[in-house]
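Before any comments, here is the structure.
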Amino acid sequence: MSVTAMAERWVDEVARLTRPAEVIWADGTRQEYDGLVADMLRDGTLIEMNQLSYPGCYLHRSHPQDVARTEQLTFICTRSKDDAGPTNNWMAPAEAKERVGGLFRGSMRGRRMFVIPYLMGPRGSPMSRVGIMVTDSPYVVASMHIMTRVGRVALEQMRSPDDFVAGLHSLGDLSPERRFILHFPEEKLIWSVGSGYGGNALLGKKCHALRIASWQAREEGWMAEHMLILGLEDPEGRVTYLAAAMPSASGKTNLSMLVSALPGWRAWTVGDDIAWISVDGQGQLRAINPERGFFGVAPSTSGRTNPNATAMVRSNTIFTNVALTPGGEPWWEDMGTDPPPGLVDWQGQPWRPGGAPAAHPNSRFTAPVSQCPSVSPAWEDPQGVPISGFIFGSRRSRVIPLVFEAFDWQHGVFLGSAMSTETTAAITGQVGVVRRDPMAMIPFCGYNMADYFSHWLSIGPRLAKPPKIFRVNWFRRDDGGRFLWPGYGENVRVLRWIVERIRGTGTAVETPLGFLPTPEALDLSGLDLPRERLAQALAWDRGEWIAALGDLGAFYEPFGERLPASIREELHRMIRRLGG
Ligand code: SAT
Ligand code: MN
């Protein structure tokens with residue numbers, strides 16, 4: 001059997017179901033991309049931006065009810081409900097196919113069906129994986145060109161005829177009533193209908209590289225994580241690689257391409273959203289970025305918060321749901337410039353000052369990694385980069401100190417499992433509500449999270465020197481609601497301490513939470529921040545923590561016997577240390 005025979009058979013089957021006017025295999029070439037863009041400019045799917053100041057940039061306006069991931073419509077379809085676990089929506093595979101199959105029947109009539117072979121990860125990497133996705137959306141094809149490696153490069157990497165994740169996507173009628181994002185990890189299959197939005201429709205991203213890959217990673221002994229990867233270079237030129245998990249729209253992209261406020265220190269970007277990590281022959285964790293593009297949040301991206309992204313999106317970028325200036329340039333809130341007269345909002349209407357935001361709060365840019373000024377020379381290394389530290393970060397205005405370090409691997413896994421965060425516009429629903437989000441994976445773990453914690457625990461003992469694990473929170477506020485820590489480029493001061501701790505030099509005090517930096521341990525040179533504010537950012541309160549750990553116990557409850565005993569043990573130890 002040829003290596004693509006199974007893929008071809010599946011594509012035929014899909015075409016019989018969806019009835020497209022034409023089937024086109026994407027080849028990933030520039031010519032193909034340009035052709036798609038030309039078609040979309042013609043039918044209004046894309047709007048040309050100012051080609052002098054923003055060459056190769058286009059604006060897409062999505063359906064106003066299709067602007068973010070829809071977690072309530074996202075399902076894990078395993079044979080056993082327990083395998084999906086209490087934090088995932090579940091549907092039995094047969095029922096899912098019955099219910100949702102009808103929405104695909106004839107859904108591509110009169111449309112072109114594109115077949116996209118894509119590679120997640122660098123060419124030639126043993127850690128890279130192939131997907132084959134079918135879609136009726138040219139916007140999705142063009143976005144996949146930017147976000148993944150499309151075409152022969154993918155087919156060449158298939159090790160056997162069934163060595164691919166299959167993804168079926170159709171826009172359907174874009175109605176949230178008829179929208180479903182279904183994952184069948186046992187069949188390496190994804191079905192997505194009714195949405196053209198990134199995380200719902202670019203199936204290589206969350207659906208494949210996290211939900212399906214996390215399942216495969218557990219079976220095969222590696223890790224698929226919602227993490228950025230960066231290399232921090234010190235003044236002597238030594239680079240330490242860190243991976244950091246943070247919920248959507250909580251500063252991962254900014255941190256991954258941070259411009260250091262400390263002279264001599266420099267960050268190199270490997271990835272901003274997803275890390276695939278495996279244990280090499282020496283017991284060292286090595287990480288690749290499976291993607292080749294960034295799908296970043298536009299609002300608040302500015303020369304102050306993220307100068308690298310600002311430079312990166314000046315060409316070859318697809319903007320989605322940003323506002324448009326009369327000069328054909330993108331505009332969004334907190335971009336660093338005033339809204340110009342004649343601004344058109346994300347829905348194409350004249351914008352009025354004082355009204356609703358001009359750009360949608362979850363408006364995005366899609367840009368190639370290679371355009372990032374801080375891109376790491378190692379970003380496509382087939383062996384991946386060696387990871388020396390993990391960071392778990394979330395958005396909490398209270399309780400969680402700026403930074404602290406876990407006592408050891410097991411304690412660090414516990415801290416990851418205990419993460420909670422305030423929700424953002426990246427998901428449909430209320431913004432700013434605190435919810436549990438272990439390892440920032442709550443929307444992305446393709447199996448029972450209790451088993452996911454066990455999997456994390458099983459990795460540590462396989463490592464020669466397990467990475468140190470840190471908890472960070474850039475989002476703490478004072479009683480007046482003002483942020484205690486300046487964030488962005490200043491975060492390098494925290495990263496520096498982290499690297500020093502990894503090397504065994506940084507100073508810390510032992511507390512019931514873990515190791516906290518002493519007030520002098522963070523380099524504040526050149527920063528106008530009173531030590532008192534830093535002390536507040538680093539403070540922790542016994543009572544608040546005991547209450548928070550009570551909530552955590554309630555969160556663990558539905559996992560029952562499946563929750564690893566050592567996680568429960570860490571919880572009890574922490575309560576004891578706090579004197580609770
Ligand atoms: O889910 S997306 O990939 O569209 C963005 C995010 O929420 O991280
Ligand atoms: Mn993400």
Side-chain angles (χ1 to χ4, degrees), residues 60 62-63 65-74 118 120 131 133 135 137 139-140 143-144 146-148 167 169 179 181 183 190 192 194-214 224-230 243-257 269-276 289-301 309 318-322 360-367 369 391-395 419 421-431 435 437-446:
H60 172 67
S62 79
H63 188 285
Q65 289 204 68
D66 186 29
V67 293
R69 273 184 296 107
T70 39
E71 292 182 3
Q72 73 283 12
L73 305 172
T74 302
Y118 62 89
M120 299 309 285
M133 114 164 242
T135 180
S137 158
Y139 165 78
V140 167
S143 301
M144 287 292 283
I146 298 176
M147 296 303 296
T148 73
H169 171 255
R179 180 178 301 161
I181 298 98
H183 306 76
I190 304 157
S192 167
S195 170
Y197 172 74
N200 294 334
L202 310 180
L203 301 190
K205 199 172 178 57
K206 308 299 185 171
C207 300
H208 176 167
L210 288 176
R211 298 197 191 95
I212 302 285
S214 62
E225 300 299 330
H226 190 206
M227 289 182 173
L228 67 85
I229 310 165
L230 72 80
M246 289 166 191
S248 302
S250 299
K252 279 210 307 302
T253 302
N254 293 341
L255 184 63
S256 76
M257 47 191 81
T269 313
V270 177
D272 83 327
D273 194 39
I274 301 176
W276 284 358
N289 171 10
E291 303 188 280
R292 73 175 282 276
F294 300 120
F295 182 64
V297 180
S300 291
T301 304
I318 300 178
F319 293 94
T320 302
N321 293 340
V322 298
H360 187 276
N362 193 38
S363 54
R364 298 269 173 167
F365 54 77
T366 310
V369 172
I391 299 172
F392 293 123
S394 72
R395 217 177 242 282
M419 231 161 81
T421 197
E422 289 152 22
T423 52
T424 68
I427 46 168
T428 300
Q430 230 183 320
V431 170
R435 70 159 179 180
D437 192 356
M439 283 84 167
M441 280 290 276
I442 205 95
F444 307 122
C445 184

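Only this structure's heavy atoms are used, side chains among them; waters, hydrogens and symmetry mates stay out. Counting starts at 1 for both ligands and their atoms, in listed order.
Checking Arg69 against Ser248 by side-chain atom types alone, a donor-acceptor pair falls below 3.5 Å. Remark: the Ser192 side chain and the Asn200 side chain contain no N/O donor-acceptor pair separated by less than 3.5 Å.
Around the Mn ion (ligand 2), the protein atoms of type N, O or S found under 2.8 Å away are Lys206 NZ, His226 NE2, Asp273 OD1, listed by chain and number.
Proximity of a side-chain donor or acceptor of His169 to a complementary backbone N or O of Ser195 within less than 3.5 Å is detected.
In this structure, Arg364 CZ and His60 NE2 are separated by 13.5 Å, a value rounded to the nearest 0.5 Å. The distance from the OH atom of Tyr197 to the OG1 atom of Thr320 is 9.0 Å, given to the nearest 0.5 Å.
By the side chain to side chain contact (heavy atoms under 4.5 Å, CB included) test, Ser256 is found to be paired with Leu228, Thr269, Asp272, residues two or more places apart in sequence or in another chain being considered. Evaluation of the salt bridge (charged side-chain N to carboxylate O under 4.0 Å, His left out) rule for Asp437 yields no partner, not counting sequence neighbours.
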task = Given side-chain contact (heavy atoms from CB on, under 4.5 Å), test Thr70 with Ile181 step by step and report yes or no.
result = CA-CA 8 Å; Thr70 39; Ile181 298 98; 3.7 Å; yes
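Closest non-hydrogen pair, Arg395 versus Thr421, comes out as N-OG1, 3.0 Å.
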Ligand 1: protein N/O within less than 3.5 Å of ligand N/O:
unit_1   : atom_1 : unit_2 : atom_2 : d
ligand 1 : 1 (O)  : Arg69  : NE     : 2.5
ligand 1 : 4 (O)  : Tyr197 : OH     : 3.0
ligand 1 : 4 (O)  : Gly199 : N      : 2.8
ligand 1 : 7 (O)  : Arg69  : NE     : 3.1
ligand 1 : 7 (O)  : Arg69  : NH2    : 2.8
ligand 1 : 7 (O)  : Ser248 : OG     : 2.7
ligand 1 : 8 (O)  : Lys206 : NZ     : 2.9
ligand 1 : 8 (O)  : Ser248 : OG     : 2.8

